[in-house]
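Keep in mind that what you see is a predicted model, and the values were worked out from it rather than measured. Indexing begins at 1, ligand by ligand and atom by atom, following the structure's order.
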Amino acid sequence: MKGKRLILMGPPGGGKGTQAQRLQETFGLVQLSTGDMLRAAVAAGTPVGKQAKALMENGQLVSDDVVVGIIDERLDADDVKNGFILDGFPRTVVQAERLDALLHRKGMGLDAVIELQVPDALIVERITGRYTCANCGKGYHDSFSKPLVEGVCDNCGCTDFKRRADDNADTVGHRLTAYHEQTAPLMPYYDGQGLLHVIDGTLPIDVVTTELKRILGA
Ligand code: AMP
């Protein structure tokens, strides 16, 4: 597992972030979430953040140039040498082609692309109910995954939680449209490279993790 390089694909609310966090904790693979990086840029008010803010709030994709630039730079850091999980990137065929080119330039290859399949009908409930600990980032859900003690994070004891600005029913529709129109064409792209594996993302979180580990030979 050490040194593996993977892409987690799937719709918003499909479980990519949850599974990436688990692989990061268990195997030291670094989770590279363009969504997290862009949210940090918005919070910091950087030029990239200012450019991305309205698009993100509306559930639309940020430009390919911006996200490819972010990933290109991030892949030069030392911590990715032990392997990484791309979460939320690439999201368009142009991003995938440019990722191939930059990985080639850096002498890196991909080990697997894993698609978590979840039907649209389940996504709205998953997304509108989710929240995270404001301190450690552990994820929870109003219906499926509450803290053991109400209002207290299981992991760090913090009592502050936050919800994403784009996790509302209106924006989810736009995010799903973006996914089907712009990101779904990546599955045949990676299948053609012999890298694609599909997991039923409606299975319990632990079962999905076990399946992921099996695919990765861990
Ligand atoms: P996520 O956290 O992956 O759901 O991403 C949240 C939002 O950030 C998306 O709805 C997009 O507006 C933007 N975003 C994240 N990753 C990308 C990407 N690879 N390409 C374009 N926009 C992105």
Side-chain angles (χ1 to χ4, degrees), residues 5-21 23-24 30-75 84-103 110 113-118 120 122-134 137-141 162-187 189-190 201:
R5 304 185 188 109
L6 18 147
I7 299 177
L8 275 185
M9 307 280 296
K16 302 183 297 292
T18 302
Q19 296 298 334
Q21 267 184 10
L23 293 177
Q24 172 158 296
V30 181
Q31 176 188 9
L32 302 178
S33 157
T34 41
D36 284 349
M37 295 174 203
L38 289 168
R39 277 184 288 281
V42 170
T46 66
V48 163
K50 287 191 176 127
Q51 205 182 322
K53 188 169 187 284
L55 291 165
M56 293 174 75
E57 280 171 359
N58 199 30
Q60 291 171 295
L61 296 187
V62 173
S63 84
D64 292 331
D65 279 345
V66 165
V67 287
V68 170
I70 292 176
I71 287 292
D72 191 356
E73 198 180 317
R74 185 65 184 83
L75 287 176
F84 58 79
I85 310 149
L86 288 168
D87 159 10
F89 178 93
R91 256 178 160 96
T92 64
V93 171
V94 170
Q95 289 178 24
E97 288 168 349
R98 291 180 57 184
L99 175 66
D100 278 346
L102 70 87
L103 287 175
L110 289 170
V113 177
I114 295 161
E115 179 193 3
L116 303 178
Q117 280 186 344
V118 179
D120 286 6
L122 300 181
I123 294 295
V124 176
E125 191 188 9
R126 278 192 176 203
I127 284 197
T128 53
R130 70 182 183 179
Y131 59 98
T132 53
C133 170
K138 184 173 166 54
Y140 295 98
H141 191 281
K162 59 181 184 184
R163 290 178 193 259
R164 278 172 47 174
D166 59 347
D167 278 352
N168 58 71
D170 287 345
T171 309
V172 171
H174 294 145
R175 290 162 69 192
L176 281 172
T177 302
Y179 182 72
H180 291 300
E181 290 180 356
Q182 294 170 272
T183 308
L186 292 184
M187 304 326 155
Y189 178 87
Y190 285 119

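- Looking only at distances, no side-chain donor or acceptor of Gln19 sits under 3.5 Å from a matching main-chain atom of Gly15.
- The nearest protein atom to atom 4 (O) of ligand 1, hydrogens excluded, is given as Arg164 NH2, 3.0 Å; this is a heavy-atom distance.
- The contact set between ligand 1 and Arg175, taken as ligand atoms under 4.0 Å from a residue heavy atom, comprises 4 (O).
- Remark: minimum distance from atom 11 (C) of ligand 1 to any protein heavy atom is reached at Gln60 O, 3.5 Å.
- The proximity of Lys16 to ligand 1, defined as any non-hydrogen pair under 4.0 Å, does not occur for either the backbone or the side chain.
- Between Leu61 and Val67, every side-chain heavy-atom pair lies at or beyond the 4.5 Å cut-off.
- Side-chain contact between Val113 and Leu186 is absent, with no heavy atoms from C-beta onward closer than 4.5 Å.
- Scanning all protein heavy atoms for the shortest distance to atom 8 (O) of ligand 1 gives Met56 CE, 3.4 Å.
- Contact annotation: for Val67 versus ligand 1, heavy atoms closer than 4.0 Å belong to the side chain alone.
- Thr177 pairs in a side-chain contact (heavy atoms from CB on, under 4.5 Å) with only one of the listed residues (Arg175, His180, Glu181, His174), which is Glu181.
- Residue, atom and distance of the protein heavy atom nearest to atom 20 (N) of ligand 1 are Gln95 NE2, 3.0 Å.
- Looking from atom 18 (C) of ligand 1 to the surrounding protein, the closest heavy atom is Arg91 CD, 3.5 Å.
- Thr34 places a side-chain N or O within 3.5 Å of a backbone atom of Gly88 that can act as its donor or acceptor partner.
- With Leu38, Asn58, Thr34, Asp87 as candidates, the residue nearest to atom 14 (N) of ligand 1 on a non-hydrogen basis is Leu38.
- In summary, the atoms of ligand 1 found under 4.0 Å from a heavy atom of Phe89, numbered by their order in the structure, are 19 (N).
- Ligand 1 lies less than 4.0 angstrom from a heavy atom belonging to Arg39.
- Inter-residue side-chain proximity for Phe89 and Ile70 is flagged as unmet; no heavy-atom pair is nearer than 4.5 Å.
- Scanning the protein for heavy atoms near atom 22 (N) of ligand 1, the closest one is Val62 N, 3.0 Å.
- Listed for the Arg126 side chain is a donor-acceptor partner under 3.5 Å among the backbone atoms of Gly13.
- Of the candidates Gln21, Lys16, Gln31, Asp87 forms a side-chain hydrogen bond (donor to acceptor under 3.5 Å, both in side chains) with just one, namely Gln31.
- The heavy atom nearest to atom 19 (N) of ligand 1, out of those in Ala52, Ala54, Pro11, Gly88, is found in Gly88.
- Counting only heavy atoms from C-beta outward, the side chains of Leu75 and Ile71 approach each other to under 4.5 Å.
- Residue contacts with ligand 1 for Leu61 involve both N, CA, C or O and side-chain atoms from C-beta outward (heavy atoms, distance under 4.0 Å).
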